[in-house]
Amino acid sequence: MKRRTGQDQSITRHWRPATQAVRGGTARSEFGETSEALFLTSGYAYDCAGDAAARFAGEQAGMTYSRLQNPTVEMLEQRIALLEGAEACRTMATGMAAMTAALLCQLESGDHIVAGRAAFGSCRWLTDTLLPKFGIETTIVDARDADQFADATKANTKLYFFETPANPTMDVVDLRAVCGMARERGVRTLVDNAFATPALQRPMEYGADITAYSATKMMDGQGRVLAGAVCGTEDFITNTLLPFTRNTGPTLSAFNAWVVLKGLETLDLRIRRQSENALKVGTFLEGRVPQILHPGLASHPQHTLAMSQMDMAGCIFAIILDGGRTQAHGLLDALRLIDISNNIGDSRSLMTHPSSTTHAGLAEEKRVEMGVTEGMLRLNVGLEDPQDLIDDLDQALRTVGL
Ligand SMILES: *Cc1c(COP(=O)(O)O)cnc(C)c1O
């Protein structure tokens, strides 16, 4: 009897996302283990010299070196591709390695890109500082206004790059409108989908060409490892991304891939519960703070758009206090349960002051342009009982006079 070691893609392709998150990409060894095996190996042995030569020539299937292939890493890549509904995926050591590779693999001197103003601080460093060093010009636009992408497009524009929802202002980008305009103009789209993950939002269904992830966030989801991923067509991944990554080496370790595989098994459960909790905490805060930026609340100016392209609003949002840095730091220092931490996508509730942490590396005027003010605090709502989080925030708000 044949053992079920591999998966029959003609069957597995049709599984729904929650099933993919648990089983997609599983390749069993001869031992038939139920949980994915962890292959901690840098190299592979060949039966004969001719096999080694054939593998290097691409004439024989098989692995050659873990910078290029690893069975545990490949399981994760297939699982993410299946979840995303993408033809292919490659993982990277971190989210920033994924963003850097996704940009540099396809751009060259003389190219132009259009990028959203609100972005993870290091993504803004890539577009504003790194790319210009190589002769690649960036125009920054307010991505909430889809027309700004069209207006900024030039003859040499190759790419639109944005996050939605964006860190930390929760700007929402109209995926259908912006990806549609890109297609019409022969421009590619690269969407940083870290906040929503494919469990809540699948940009490719709206015409996005490439999605990129910090898998450190919701995909691991328990604050353990760093990881990144890029998804796209088989042609883009094989012929554009792979030549760059195979030779520059931002490879994900097998151990970290294995941890993310375990994280994905509970992604759907976690992100839905955390979204529910974030809505409860956000509803409480709405009556207590001057401003809240939460796409799941009707008060968010892009609430209708957000809910038309996301299944749920996710677990991250921001509040803005009137008392600047002093009041914001005061509130953080009064917390007893929620941790002061700049990570997100964790099962623990975490809170940070972006302008003095995640976005501190940017010039003051860039922070103002992005909407990152001194009174802003970003909250990642975890899996704790939301009433305990509300109680903690209630006493911390009272400490700072709110
Ligand atoms: C965290 C994050 C990144 C960077 O990911 P790392 O895994 O920390 O390198 C990029 N984009 C967004 C939206 C993020 O939240």
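All ligand and atom numbering here is 1-based and tracks the order in the structure.
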Just by distance, no angles: are the side chains of Glu77 and Thr91 close enough, under 3.5 Å, to form a donor-acceptor pair? yes
Does a salt bridge link Asp51 with Arg55, judged by any charged N lying under 4.0 Å from a carboxylate O? no
Before accepting this row, confirm whether a basic side-chain N of the pair Glu364/Arg367 lies closer than 4.0 Å to the acidic partner's carboxylate O. yes
Which ligand 1 atoms does Ile344 reach within 4.0 Å, using its non-hydrogen atoms? 15 (O)
Which of the numbered atoms in ligand 1 are below 4.0 angstrom from a heavy atom of Thr94? 7 (O), 9 (O)
Looking at Asn343 and Leu350, would you say the former's side chain and the latter's main chain have a donor-acceptor pair under 3.5 Å? no
Is it true that a side-chain atom of Ser275 and a backbone atom of Gly314 form a donor plus acceptor pair closer than 3.5 Å? yes
Considering both backbone and side-chain atoms of Gly95, is one of its nitrogen or oxygen atoms within less than 3.5 Å of a nitrogen or oxygen in ligand 1? yes
Verdict with reasoning, Gln69 to Thr64, per side-chain hydrogen bond (donor to acceptor under 3.5 Å, both in side chains): CA-CA 7 Å; Gln69 315 95 0; Thr64 55; 3.2 Å; yes
Please work out which of Met92, Met96, Lys217, Met218 has its closest non-hydrogen atom nearest to atom 9 (O) of ligand 1. Met96
Considering non-hydrogen atoms of the protein only, which is the closest contact for [atom], and what is the distance?
atom                    : answer
atom 13 (C) of ligand 1 : Asp192 OD2, 3.3 Å
atom 7 (O) of ligand 1  : Thr216 OG1, 2.6 Å
atom 4 (C) of ligand 1  : Phe120 CE2, 3.4 Å

